[in-house]
Amino acid sequence: MSEVIGVVGAGAMGAGIAQIAAVRGHEVLLTDANAEILDGVPASLQRIYEREIAKGRMTAEEVTAASERLTLVSAKDGLSAFSAASLVIEAIVERLDVKQATFKALEAAVSDLAVLATNTSSLSIASIASGCRAPERVLGVHFFNPAPVMPLVEIVPGIRTDAEVVTRARALIDAWGKTTVLASDTPGFIVNRIARPFYSEPLRMLEEGIADIATLDWAMKEHGGFRMGPFELMDFIGHDVNYVVTESVWTAMYFDPRYTPSLTQKRLLEAGLLGRKSGRGFYDYAEGASKPAPVTDAALGKRIVSRVLAMLINEAVDAVAKGVATRDDVEVAMTKGVNYPRGLLEWGDMIGPAAVLAELERLRDASGETRYRPSPLLRRCAAEGRSLLNAD
Ligand code: NAI
């Protein structure tokens, strides 16, 4: 019999994770503190399943079976139903005190063999596990939004997590058809750390008057091969999410200037101009609003991409040097988690480590800021003519 999966939190992420597990054949227990949100899940899943049927990806029988495998557990009934679960994934509000209380309650409900996982984006696994009687069975499993669509899941052991627990959770999530990578319990894990310059460097260029948003977006798509420009993407993610991630990584990194957030983005957030969802962010999404035209100057486009890529590649190299993840996992994470056109280490090798280093040194000399300091590993690879992807 397949394992019973518990999911706590039925918001955007929890509902998606419950859907994955139910479709993959598990009995799923789903709970949420908010009854209205919990009760709304079956109808919203039904809408998703109907689209799956229309696209020929699921049969009506499979939908019925998946729907029957999902059991809603009302918050007023407590967590005792979770005693049957062998893995519980928590996807509730991003607050340490609330998560710790939930893990305590879960520990009282589940069997000693159950694995407890958190989908946190910004809290440390160590801090969430610290309130537990058995922190060795707690780990991070970080899905991307929307969870059923995005292939990547970062598996994050805490300092006290058992290796066995990591192996079990990873094998299960692999069996759900996900691509898993192993990340250390450090701020932003892999993707949310390495991706920061994709947003912050174009924001800087905007603030420095180098180019406007339309030109910066055009350059990153046309010359960088990215699917969306940084400003389009920030508007899509929402500044309430994207700015907050940047600020939390910056704070957790002891205010390292490499991660400094942008005041321009903060003002949008403060003004309630959150992006697509509020009708306006960097761009105006009102009916009939015209989109600003880029300055399609190839030399400028290449300069923009060169600067952003140098920062991204430096961040990827530094994450490898600091043991955040293996080279392979860094490459997989950025291509599968945020759809980069190629892995950043491979890209660094194509440009040449010496050229990436030269770009960073130029930026550092021009600005005098430690933000642009090259990773020692990048320096070494450049000096010794070694590959970023294959050097040992
Ligand atoms: P959400 O706000 O859509 O859903 C959170 C749900 O948790 C709400 O339905 C709320 O009623 C419920 N909840 C709050 N406190 C609870 C409690 N004590 N017990 C039971 N339910 C409770 O949030 P979302 O976006 O689904 O995020 C959930 C978690 O996933 C957070 O830790 C977030 O950092 C993380 N995450 C979010 C991603 C995203 O793009 N939205 C991506 C990856 C991770």
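Since the model is a prediction, treat every value here as computed from it, not as a measurement. Atoms within each ligand, like the ligands themselves, are counted from 1 in listed order.
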Quick test: of every protein heavy atom, which one is nearest to atom 3 (O) of ligand 1, and how far off is it to 0.1 Å? A12 N, 3.0 Å
Residue and atom name of the nearest protein heavy atom (relative to atom 43 (C) of ligand 1), distance in Å to one decimal: F143 O, 3.1 Å
Please determine which of R307, R364, E361, R258 meets the side chain to side chain donor-acceptor pair (under 3.5 Å) test together with Y372. R307
Have a look at D97, T102, N119 and point out the one with the heavy atom closest to atom 30 (O) of ligand 1. N119
Any atoms of ligand 1 less than 4.0 Å from a non-hydrogen atom of K99? List them with their elements. 31 (C), 32 (O)
Could you tell me whether A10 and ligand 1 have an N or O pair separated by under 3.5 Å? no
Nearest to atom 20 (C) of ligand 1 by heavy atom, A91, A33, S122, G140: which? A33
Of D32, L79, T31, the residue with the heavy atom nearest atom 8 (C) of ligand 1 is D32
For S262 and E207, which I'm curious about, is there any donor-acceptor pair between the side chains at under 3.5 Å? yes
Nearest-neighbour protein heavy atom for atom 36 (N) of ligand 1, which is reported as residue plus atom name and distance: S121 OG, 3.2 Å
In terms of its nearest heavy atom to atom 34 (O) of ligand 1, the top option of E94, R95, M150 is E94
Please could you name the atoms of ligand 1 that V98 approaches to less than 4.0 Å, counting only its heavy atoms? 18 (N)
Report whether L87 and V153 are members of the same hydrophobic cluster (ILVMFWY, side-chain heavy atoms less than 4.5 Å apart, transitive linking). yes
If you measure from atom 40 (O) of ligand 1 to every heavy atom of V41, T118, I237, N145, which option wins on shortest distance? N145
I would like to know whether K178 and D174 meet salt bridge (Lys or Arg N to Asp or Glu O under 4.0 Å); could you show each step before the answer? CA-CA 5 Å; K178 294 294 181 190; D174 282 337; over 6 Å; no
Nearest-neighbour protein heavy atom for atom 13 (N) of ligand 1, which is reported as residue plus atom name and distance: I92 CB, 3.9 Å
Below 3.5 Å, N or O to N or O, backbone or side chain included: is there any such pair between F144 and ligand 1? no
Please determine if E232 and K291 form a salt bridge, counting it only when a charged side-chain N lies under 4.0 Å from a carboxylate O. yes
Close N or O approach (G14, ligand 1; < 3.5 Å): no
Atom 4 (O) of ligand 1: nearest protein contact (heavy atom, Å): G11 CA, 3.3 Å
Out of all atoms in ligand 1, which are within 4.0 Å of some heavy atom of H142? Include the element for each. 43 (C), 44 (C)
Test salt bridge (Lys or Arg N to Asp or Glu O under 4.0 Å) on D256 and R373; report intermediate values, then the result. CA-CA 11 Å; D256 184 333; R373 67 191 187 280; 2.7 Å; yes
Between F231 and Y283, is the ring centroid distance below 6.0 Å? no
How about atom 23 (O) of ligand 1: does it have a protein heavy atom within less than 4.0 Å? no
To the nearest 0.1 Å, how far is atom 25 (O) of ligand 1 from its closest protein heavy atom, and which atom is that? M13 CG, 3.9 Å
Under 4.0 Å to a heavy atom of V93 - the qualifying atoms of ligand 1, by number: 7 (O), 14 (C), 15 (N)
Go through the steps for Y199 and W250 under the test ring pair (Phe, Tyr, Trp, His ring centres under 6.0 Å), then give the verdict. CA-CA 13 Å; Y199 315 106; W250 174 61; over 10 Å; no
